[in-house]
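Before any comments, here is the structure.
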Amino acid sequence: MIRFDDVSKQYAGGTTAVDHLDLEAPTGQITVLVGPSGCGKTTTLRMVNRMIEPTSGTIWLDDQDTGKMDAAEMRRGIGYVIQAAGLFPHRTVLDNVGTVPELLGWDKKRTRERSMELLERVGLDTAFAKRYPSQLSGGQQQRVGVARALAADPPVMLMDEPFSAVDPIVREQLQDEFLRLQGELGKTILFVTHDIDEAIKLGDQVAVLRVGGKLAQLAEPAYLLAHPIDDFVAGFVGRDRGYRALGFHETPDLQLTTEPTIGLGATPDQARSASSDGWLLVVDGDRKPLGWVEPHRLGRDIDREMLHRGGTVARVHGPLRAVLDAALSSPSRRGVLVDDDGALAGTVRADQVLTVIERTERPDDDAADDRYQRQDAS
Ligand code: ADP
């Protein structure tokens, strides 16, 4: 069990990322934290393994106060999976999976056997063991990330948008396999996503957070859909109704905004003069998007380490749903659209996408209404 007891986090500068959170993630279950970008999901997750220290309140792992545990030791007992896997590029797949057992001092043979077993468990051919992460597809890397987190068989897993950076078909496969695996393993899991569909599909219980880091509602998925507690939750759950129906429709003409960009190696001053607001998009030599920086926070020239990679990237003529996903997940709130070669085409805001959704016919609406019968909050 993971229990948040009146936990708050204020960042230097005054942002309240998490505001008096009370929440319990029961043993052996998946608890999903869902909400729009900036509502404090990642902060909440990272306070559990103390990559971020709470300003006040207590987080309990069973009957232990995490604030009083040795942070490094505790982290080895908690599996942690992040978006785009976060694998070590210069280590083979096998060595990546064996990272924690190695830290724990397991002998080589045992580490190797365990790593091989896990690769199979997450659905990867063991022929991948000797390869390097860059030789794998995004979905395969994500599987390695899950295997690595499971290596020392931790009872608790923290998962931060683990499936967001892969395309929707691979994402569904990964979700299905993850549920199958969890059926066998029964870990205590705290899972962060901005995608209400994913939350509904994976969560034994779902916690909806609003910007400002307040818990809006905690409920089982079916209850959440049927009884959203207020307009915010109804909107968050209900908005999905429109775009679920549109999931397979191609994106009609969207007005794309030309996004200012900058390359790796640029100085903070260059970044500040290129940026039109708090966020600036970094692209590579082929204009492929790499991630975002906050120019006013830069203390050194731009490198890959500092990039905020949050946010999925959508194709210009891909499904509307993917475009909305890109906008909702982007730290700048501007969704990044790319052409068929993966080069930047422009950006779009979520409200623009929602306007298009409203305007477009929704043939599946009646079916959606049946599934989402709820006490209307407005
Ligand atoms: P989410 O994961 O839901 O997108 P975060 O937990 O990343 O939300 O962020 C919550 C809020 O805290 C946002 O307003 C964000 O800008 C702010 N924030 C996050 N990290 C920092 C930081 N290191 N310093 C200052 N503010 C931060």
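Whatever order the structure lists ligands and atoms in, that order sets their numbers, starting from 1. None of these values were measured; they are calculated from a predicted model.
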TODO: Dump the intermediate steps for side-chain contact (heavy atoms from CB on, under 4.5 Å) on Met306 and Leu298, then the final yes or no.
DONE: CA-CA 9 Å; Met306 66 174 63; Leu298 288 182; 3.4 Å; yes
Open item on the list: I'd like to know whether Glu184 forms a salt bridge (Lys or Arg N to Asp or Glu O under 4.0 Å) with Arg121, so could you lay out the CA-CA distance, the side-chain angles of the two residues, the decisive distance to 0.1 Å, and finally the verdict.
Closed with: CA-CA 10 Å; Glu184 294 168 14; Arg121 271 205 120 135; 2.8 Å; yes
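Side chains of Thr42 and Asp160: a donor-acceptor N/O pair is present below 3.5 angstrom, by distance only. A donor-acceptor contact under 3.5 angstrom links the side chains of Arg287 and Thr261, judged on distance only. Between Thr16 and Tyr11, the side chains place no donor N or O within less than 3.5 Å of an acceptor N or O (distance only, hydrogens not considered). In the model, Tyr80 has a side-chain atom that pairs as donor or acceptor with a side-chain atom of Arg46 under 3.5 Å.
Close N/O approach between Lys41 and ligand 1 is found [any backbone or side-chain N/O within under 3.5 Å]. In terms of polar-atom proximity, defined here as any N/O pair under 3.5 Å, Gly40 does make such a contact with ligand 1. Considering backbone and side-chain atoms together, Ala12 places no N or O closer than 3.5 Å to any N or O of ligand 1.
Short contacts between ligand 1 and Ser37, defined as distances under 4.0 Å to a heavy atom of the residue, involve ligand atoms 4 (O). Which parts of ligand 1 touch Arg297 is read off a 4.0 Å heavy-atom cut-off, strictly below it: atoms 25 (C), 26 (N). Ligand 1 places these atoms under 4.0 Å from at least one heavy atom of Ala17: 10 (C), 11 (C), 12 (O). Against a heavy-atom cut-off of under 4.0 Å, Cys39 is close to the following atoms of ligand 1: 1 (P), 3 (O), 8 (O).
Under the salt bridge (charged side-chain N to carboxylate O under 4.0 Å, His left out) rule, Arg171 has a single partner from Asp176, Asp197, Asp195, which is Asp195.
Among protein heavy atoms, the minimum distance from atom 19 (C) of ligand 1 is reached at Tyr11 CE1, 3.4 Å. For atom 5 (P) of ligand 1, the closest non-hydrogen atom on the protein side is Thr43 OG1, 3.7 Å. When only non-hydrogen protein atoms are considered, atom 14 (O) of ligand 1 lies nearest to Thr15 CG2, 3.6 Å.
Ligand 1 does not have Gly13 within reach: every non-hydrogen atom of the residue lies 4.0 Å or more from it. Contact analysis leaves His194 out of contact with ligand 1, as no non-hydrogen atom separation drops below 4.0 angstrom. At least one heavy atom of Gly38 sits less than 4.0 Å from an atom of ligand 1.
Of the heavy atoms in Met47, none comes closer than 4.0 Å to ligand 1. The backbone and the side chain of Thr42 each have at least one atom closer than 4.0 Å to an atom of ligand 1 (non-hydrogen atoms only).
Classification of Arg76 and Glu73 as a salt-bridged pair fails, no side-chain N sitting under 4.0 Å from a carboxylate O.
In this structure, Leu181 and Leu150 have side chains that are in contact, with non-hydrogen atoms separated by less than 4.5 Å. Between Pro133 and Val144 the shortest side-chain heavy-atom distance does not fall below 4.5 Å.
In this structure, atom 16 (O) of ligand 1 is not in close contact with the protein, since no protein heavy atom lies within 4.0 Å of it. For atom 11 (C) of ligand 1, the nearest protein heavy atom lies under 4.0 Å away.
Atom CG of Leu281 sits about 5.5 Å away from atom CD of Glu259, to the nearest 0.5 Å.
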